[in-house]
> 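Could you have a look at this structure, given as structure tokens, before my questions?
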There are 2 protein chains.
Amino acid sequence: MDAAEAVEVIQHEMTAFARRARASAGRMHPELSLVSYTLLGHLEESGGCRATDLAAHYALDKSTVSRQVSALERAGLVGRHPDPDDHRVQTLQLTDAGREILAQVTRSRRVAFRERLADWPEEDLTRFAAYLERYNAGTAAD
Amino acid sequence: MDAAEAVEVIQHEMTAFARRARASAGRMHPELSLVSYTLLGHLEESGGCRATDLAAHYALDKSTVSRQVSALERAGLVGRHPDPDDHRVQTLQLTDAGREILAQVTRSRRVAFRERLADWPEEDLTRFAAYLERYNAGTAAD
DNA sequence: CGGGTCAAGTTGTACTGTGCAACCAGGTGA
DNA sequence: TCACCTGGTTGCACAGTACAACTTGACCCG
């Protein structure tokens with residue numbers, strides 16, 4: 001396989017993967033869409049941020065984020081904390097329930113991934129992980 | 001990085017990638033959605049098949065495929081050819097216009113991929129490609 | 001200070017992709 | 001023949017998304 005072929009394969013496989021990801025995510029975790037999962041994850045990592053930050057980070061419209069956040073709030077998974085300095089701003093934070101669900105989904109995702117990767121030698125795993133990081137780093141939004 | 005960490009990273013990066021793929025695909029090729037592109041691609045590869053085959057292959061509902069195909073037909077990109085042996089069946093085939101558009105999108109996707117992967121050494125490209133193939137092979141539907 | 005402008009977020013509207021269920025039409029086998 | 005199977009379409013509902021208009025609050029400059 002030369003470089004040109006490899007690029008073809010990478011393109012093909014990434015496309016195939018992308019097409020499937022949403023559907024399988026929906027099937028595996030009906031309680032949390034891929035977007036919700038991502039937003040919750042970001043809140044956990046960042047320790048709380050504004051809706052606008054989420055929109056910018058994931059290249060989503062602010063209205064989309066607004067609605068997603070509303071849903072997550074209705075579900076009791078995130079809380080809004082008005083910023084005392086700037087009354088336009090509300091900081092979003094995971095609730096305990098949100099943290100719990102997130103952990104649960106992460107756990108089950110992890111199990112699925114581990115299973116799928118069970119027969120990979122460690123060396124291949126680390127190399128594959130590094131490649132993915134490198135590949136994704138070449139994109140604007142995380 | 002040990003195996004457990006690598007699995008975490010792979011999970012994280014694949015999730016990130018999946019989340020972004022649709023949006024960027026939509027932005028890059030407004031003339032052809034990711035699904036349409038995939039279906040067209042399959043028709044090209046297979047040299048024509050039935051709607052049911054597409055549904056099975058991509059784990060989509062037959063109604064979804066039916067609508068997508070209708071749209072592609074309206075756009076003049078695929079043609080339906082009734083099966084003379086079984087009047088329930090219609091074989092779908094790319095039209096010349098469909099082949100043209102598909103080639104065009106494939107070309108521009110390829111350029112984008114090449115660009116993103118331009119500074120990768122050939123050895124890394126081929127290894128990454130192999131890993132992706134291996135990873136995706138572990139799933140039911142292509 | 002006051003008015004213009006900018007920023008955060010919400011809401012109305014529309015569109016796409018999707019699945020499920022009901023249905024139709026054509027084939028198949030007991 | 002009649003019951004059942006199969007390929008496909010259509011009606012309906014819903015999620016996720018964007019865009020545009022709007023509200024509210026902050027900020028800056030004259």
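Since we're looking at a predicted model, the values are computed, not measured.
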> Can you measure B/Asp61 atom CG to D/dT9 atom C1' for me and round it to whole angstrom units?
11 Å

> Would you indicate what A/Asp83 reaches in the nucleic acid, counting non-hydrogen atoms under 4.0 angstrom: base, sugar-phosphate, or nothing?
nothing

> Can you measure B/Leu60 atom CG to C/dT16 atom P for me and round it to whole angstrom units?
17 Å

> Establish, with yes or no, whether the OP1 or OP2 oxygen of D/dT6 is under 4.0 angstrom from a side-chain nitrogen or oxygen of B/Thr52.
no

> Rounded to the nearest angstrom, tell me the gap between atom CG in A/Asp85 and atom C1' in C/dA8.
15 Å

> Grab the NE2-P distance between A/His87 and D/dG25 for me, whole Å please.
9 Å

> What is the distance, to the nearest angstrom, from the CG atom on B/Leu34 to the C1' atom on D/dT17?
15 Å

> A/Trp120 vs B/Tyr135 aromatic rings, parallel, tilted or perpendicular, using cut-offs 30° and 60°?
perpendicular

> Which pairs pass salt bridge (charged side-chain N to carboxylate O under 4.0 Å, His left out) with one or both residues in residues 127-137 of chain A, sequence neighbours excluded?
A/Glu123-A/Arg127, A/Asp124-A/Arg127, A/Arg134-B/Asp124

> Give, for atom CD of B/Glu5 and atom CD1 of B/Ile10, the distance between the pair rounded to the nearest 0.5 Å.
11.5 Å

> Let's see if you get this right: which residues in residues 62-71 of chain A place a heavy atom under 4.0 Å from DNA chain D?
A/Ser63, A/Thr64, A/Arg67, A/Gln68

> When you get a sec, tell me which of C/dG9, D/dT24, D/dG7 is the closest nucleotide to the side chain of A/Arg88?
D/dT24

> Please give, in whole Å, the distance from D/dG25 C1' to A/Gln90 CD?
13 Å

> Do A/Tyr58 and A/Leu39 have side chains that approach each other closer than 4.5 Å (heavy atoms only, starting at C-beta)?
yes

> When the distance from CG of B/Leu72 to P of D/dT9 is rounded to whole Å, what number comes out?
12 Å

> Rounded to the Å, how far apart are A/Leu92 CG and C/dG9 C1'?
11 Å

> Under a 4.5 Å cut-off applied to non-hydrogen side-chain atoms, are A/Asp53 and A/Arg50 in contact?
yes

> Consider only side-chain heavy atoms of I, L, V, M, F, W and Y, link residues closer than 4.5 Å, and tell whether B/Val7 and A/Phe128 are in one cluster.
yes

> So do B/Leu54 and B/Cys49 actually touch side chain to side chain, heavy atoms under 4.5 Å?
yes

> Go through C/dA8, D/dG16, C/dG19 for me and flag the one nearest to the A/Arg50 side chain.
C/dA8

> Kindly point out which of C/dG9, D/dT17, C/dT10 is positioned nearest to the side chain of A/Arg80?
C/dT10

> Is B/Asp86 touching bases, backbone alone, or none of the nucleic acid, heavy atoms closer than 4.0 Å?
sugar-phosphate

